[in-house]
Amino acid sequence: MKLKSIHLSHYRNYSNLQLELNDGLTILVGNNAQGKTNLLEAIFLLSVTKSHRTNHDQELIQWGQDFALVEGQVQTENYSYPLSLQISSKGKQAKFNYIDQAKLSSFIGKLNVILFAPEDLQIIKGAPGLRRKFIDTELGQSHPVYLQELLTYHRLLKQRNRYLKDYGRSTKFDDLYFEVLSQQFIEQAVKVIGYRTKFVQDLARLAQEIQEELSGQKDQLTISYDASHSRLNYQEIDQLAQAFTDLFAANQQREKDQGVTLYGPHRDDLSFYLDGKPAQFFGSQGQQRTIVLSLKLAEIELIKELKGHYPVLLLDDVLSELDAHRQ
Ligand SMILES: Nc1ncnc2c1ncn2[C@@H]1O[C@H](COP(=O)(O)OP(=O)(O)OP(=O)(O)O)[C@@H](O)[C@H]1O
Ligand SMILES: [Mg+2]
């Protein structure tokens, strides 16, 4: 898959940019603060509709302007098509082949991109939310239906939380209604977990080999997808719904007191181990950086396996922390 051209309008420090890209490698050279990362960010945005640097879309709009526009022409083996994403105070408007896409999930993944950025180290070192975002973004890119399932999950989670918060401490609490809500929630949680565990398994299989290669057979990488509670065994997906039901039953008072859903994929995490030791705590900066590289390289292979083509690669200053061998 190739990106043939990119057009930016009022995007960060770009008032107007039209760039034709050649086949093969493009290198951006410039002093600090010239807009190299901004350009890569815009291409990433065209793929997954989110920035890798911020959750606030409004930051992408050039100061003093009221919208930002990113357009690109994508070339696959058999097709060539334009993509367009406009951001304004009203939200995002996505077009595939000049046609408005009512759901962003039908736009995401029309351009497959793997970005290597300095911020990626946070996948290892940062808070669990960043690891969930990593899984969701990358999984969504290869499986757009996953994003719809995830959206449904978050809607049910919100509904369940709202009920716990509003009625948890009230005598009006309707056990039957809450049970139905919980069942729907659990059903959707199991679906999301199913997608995520499969993705992590595939990713781990490939990343393990790559890590070995990059470290000269030194690092043994294992990755695990961790449930929000030890009683939830993700290996036994067919018994998971029951395990959730039992866990919620045993913790109903706590959930009522706290007014939130305590267990589910919104609280899951991802762990990385080098030779059995948590890399988050014991890995060196270079080893952690190598894990990120292995993950990304594994994703490239995964997209190739799933979609039949290689994604567009974006590299932003990523080799600087690796020793000569790992580079
Ligand atoms: N919304 C915005 N409107 C206008 N300019 C912006 C906006 N957001 C960021 N910028 C400008 O973009 C510049 C940063 O660009 P970018 O991060 O792409 O630099 P870079 O070329 O990657 O630099 P470095 O080599 O330091 O990584 C900032 O200096 C900032 O002034
Ligand atoms: Mg930069």
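Read the numbers this way: they start at 1 and go in the same order the structure lists the ligands and their atoms.
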*asked:* If the test is side-chain contact (heavy atoms from CB on, under 4.5 Å), which one of L314, T37, L40, D120 qualifies with H52?
replied: T37
*asked:* Please check this pair: side chain of H266 against backbone of T261, looking for a donor-acceptor N/O pair closer than 3.5 Å.
replied: yes
*Between L60 and S51, what is the shortest heavy-atom contact and its length?*
CD2-CB, 4.1 Å
*Does the ring of F248 carry R160 above it, NZ/CZ under 6.0 angstrom from centre and within 45° of its axis?*
yes
*Over all atoms of both residues, closest heavy-atom pair of P144 and I108*: CG-O, 3.9 Å
_I need the contact residues for ligand 1: any residue with a non-hydrogen atom closer than 4.0 Å to the ligand, ordered by chain then number._
R12, N13, N31, N32, A33, Q34, G35, K36, T37, N38, R53, E59, I61, Q62, W63
_Restricting to under 2.8 Å, identify the protein N, O or S atoms around the Mg ion (ligand 2) as residue plus atom._
T37 OG1
*Do the ring centers of F199 and Y225 come within less than 6.0 Å of each other?*
no
_I'd like to know if K198 and D202 make a salt bridge, using a cut-off of under 4.0 Å between side-chain N and carboxylate O._
yes
*Is it true that D23 and K2 make a salt bridge, defined as a side-chain N closer than 4.0 Å to a carboxylate O?*
yes
*Hey, is E41 close enough to R12 for a salt bridge, meaning N to O under 4.0 Å?*
yes
